[in-house]
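Computed from a predicted structure; not experimentally measured.
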Amino acid sequence: MRRPVCRVGLIALLILLIPGAALAYLSDVAGHWSAVWLSALEARGIIAGDRAGRFYPDDPLTRAELARIAVTGLGYGTEALALQGVPSRFTDVAPDDPLAGYVELLWELGLTEGYPDGRFRPEAPLTRVELAAMLVRAAGLEQRAAVLRSARLSYRDAGEIPDWAVGA
C-alpha cells in the first residue's frame with residue numbers, strides 16, 4: 001500500500017477545519033478543482049508556493065511536507081521553528097533541513113512514529129496508509145483502530161495494506 005498521497009487529498013481534509021474563504025494566489029492552481037481551498041490555506045500560511053508562486057497541486061506530497069502542513073495547520077508553526085537546528089531523533093533528518101523542526105514536532109505531538117530503523121524518510125512520498133494512521137492518531141482513535149486490526153477489508157488493494165495499518 002505504497003501509493004502516494006496527492007497534496008490536494010490532504011489539503012481537502014484540512015480545509016474542513018478552516019473557516020472563511022480568504023483568497024491568495026498560487027499561479028498554477030487557477031482552474032484546478034481545489035483552487036479555492038488551496039488559496040484559503042495559502043492565505044492562512046498553512047501552505048506556500050515556491051519562489052515563482054507555483055504549488056504543483058497534483059504532485060505527490062512528501063512526508064516532510066506533510067509535517068509542515070499538519071503542524072502549521074494545527075497552530076504549532078512557531079514551536080516548529082523553535083526546533084530548527086536541534087539534532088533530530090531521526091537519523092535522516094539533518095538539523096539544517098528547513099523542515100526539520102516540523103518533522104520533530106510532528107513526532108512530539110504523537111502524530112508520527114517514523115520507521116523502526118530510526119529514519120523518517122522526509123523526501124519519500126506520503127502513502128495513503130501513512131496518512132490514515134496519522135489521522136487516526138490526530139483524532140485520538142488508536143484504541144478503535146487496534147480493535148479493527150483484525151478486520152477483513154473489502155478494498156480491491158486490501159492485500160497491500162500492512163498489518164500495522166489495517167485498523168486505520
Side-chain angles (χ1 to χ4, degrees), residues 1-18 29 32-34 37-38 41 46-48 50 55-77 79-81 83-84 86-168:
M1 181 47 64
R2 303 306 286 172
R3 290 181 54 187
V5 173
C6 174
R7 289 178 187 222
V8 174
L10 175 63
I11 291 165
L13 293 171
L14 286 174
I15 197 68
L16 297 174
L17 303 173
I18 299 174
V29 300
H32 194 272
W33 66 267
S34 64
W37 293 354
L38 293 174
L41 289 169
I46 295 172
I47 64 169
D50 62 14
F55 181 71
Y56 309 98
D58 294 315
D59 282 2
L61 183 69
T62 70
R63 292 171 49 81
E65 290 169 335
L66 165 75
R68 182 185 180 281
I69 291 169
V71 167
T72 303
L74 291 170
Y76 293 106
E79 291 84 347
L81 292 174
L83 292 173
Q84 286 301 124
V86 174
S88 177
R89 71 189 71 253
F90 300 108
T91 59
D92 61 344
V93 178
D96 62 344
D97 183 311
L99 298 178
Y102 297 97
V103 169
E104 201 64 24
L105 193 54
L106 192 69
W107 182 87
E108 287 184 13
L109 291 170
L111 300 180
T112 191
E113 296 176 0
Y115 287 87
D117 64 2
R119 294 184 299 154
F120 183 76
R121 300 181 187 161
E123 297 306 316
L126 179 71
T127 66
R128 294 179 297 158
V129 166
E130 292 166 336
L131 178 61
M134 188 205 71
L135 292 173
V136 163
R137 289 183 197 115
L141 297 173
E142 296 95 336
Q143 289 182 343
R144 177 78 173 129
V147 170
L148 295 173
R149 281 189 72 182
S150 61
R152 185 178 167 122
L153 302 176
S154 60
Y155 303 116
R156 285 190 321 246
D157 58 355
E160 298 175 40
I161 300 172
D163 290 339
W164 63 265
V166 170

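Results of the side-chain contact (heavy atoms from CB on, under 4.5 Å) test with Tyr102 over Ile69, Thr72, Asp97, Leu66 single out Thr72 as the only residue that passes.
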For the pair Leu61 and Leu131, evaluate side-chain contact (heavy atoms from CB on, under 4.5 Å) and give the outcome as yes or no after the intermediate values. CA-CA 10 Å; Leu61 183 69; Leu131 178 61; over 6 Å; no

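Shown here for Arg137 and Glu142, the closest heavy-atom pair between the two residues is CA-OE2, 3.5 Å. Taking every heavy atom of both residues into account, Asp92 and Phe120 meet most closely at OD1-N, 2.7 Å. Scanning all heavy atoms of the two residues, the minimum distance from Pro57 to Val29 falls at CG-CG1, 3.9 Å. Scanning both residues, Ala94 and Ala100, for their nearest heavy atoms gives O-CB, 3.4 Å. The shortest heavy-atom contact between Glu79 and Leu105 is CB-CD2, 3.8 Å.
A ring pair (Phe, Tyr, Trp, His ring centres under 6.0 Å) check over residues 126-159, counting only residues at least two apart or in different chains, returns nothing.
With sequence neighbours left out, Glu108 forms a salt bridge (charged side-chain N to carboxylate O under 4.0 Å, His left out) with Arg89. The side-chain contact (heavy atoms from CB on, under 4.5 Å) check on Asp117 picks up Tyr115, Arg119, Arg121, with sequence neighbours excluded. Remark: Ala132 engages Ala168 in a side-chain contact (heavy atoms from CB on, under 4.5 Å) (not counting sequence neighbours). In this structure, Arg68 has no salt bridge (charged side-chain N to carboxylate O under 4.0 Å, His left out) partners at least two apart in sequence or on a different chain. For Ser88, the side-chain contact (heavy atoms from CB on, under 4.5 Å) test picks out Phe90, Val93, Glu104, with sequence neighbours left out.
One distance of note links CD of Glu65 with CG of Asp59; it measures 8.5 Å at 0.5 Å rounding. Put simply, CH2 on Trp33 and CG on Asp58 are 8.5 Å apart, with the number rounded to the nearest 0.5 Å. Here CZ of Phe55 is found 5.5 Å from CG of Leu38. Values are rounded to the nearest 0.5 Å.
Side-chain atoms of Thr127 come within 3.5 Å of backbone atoms of Glu130 as a donor-acceptor pair (strictly under, hydrogens ignored).
In this structure, Arg128 pairs ionically with Asp157, as a charged nitrogen and a carboxylate oxygen lie closer than 4.0 Å.
Residues Leu126 and Met134 form no side-chain contact, since every pair of their non-hydrogen atoms from C-beta on lies 4.5 Å or further apart. A 4.5 Å side-chain heavy-atom check between Pro162 and Val129 finds at least one atom pair inside the cut-off.
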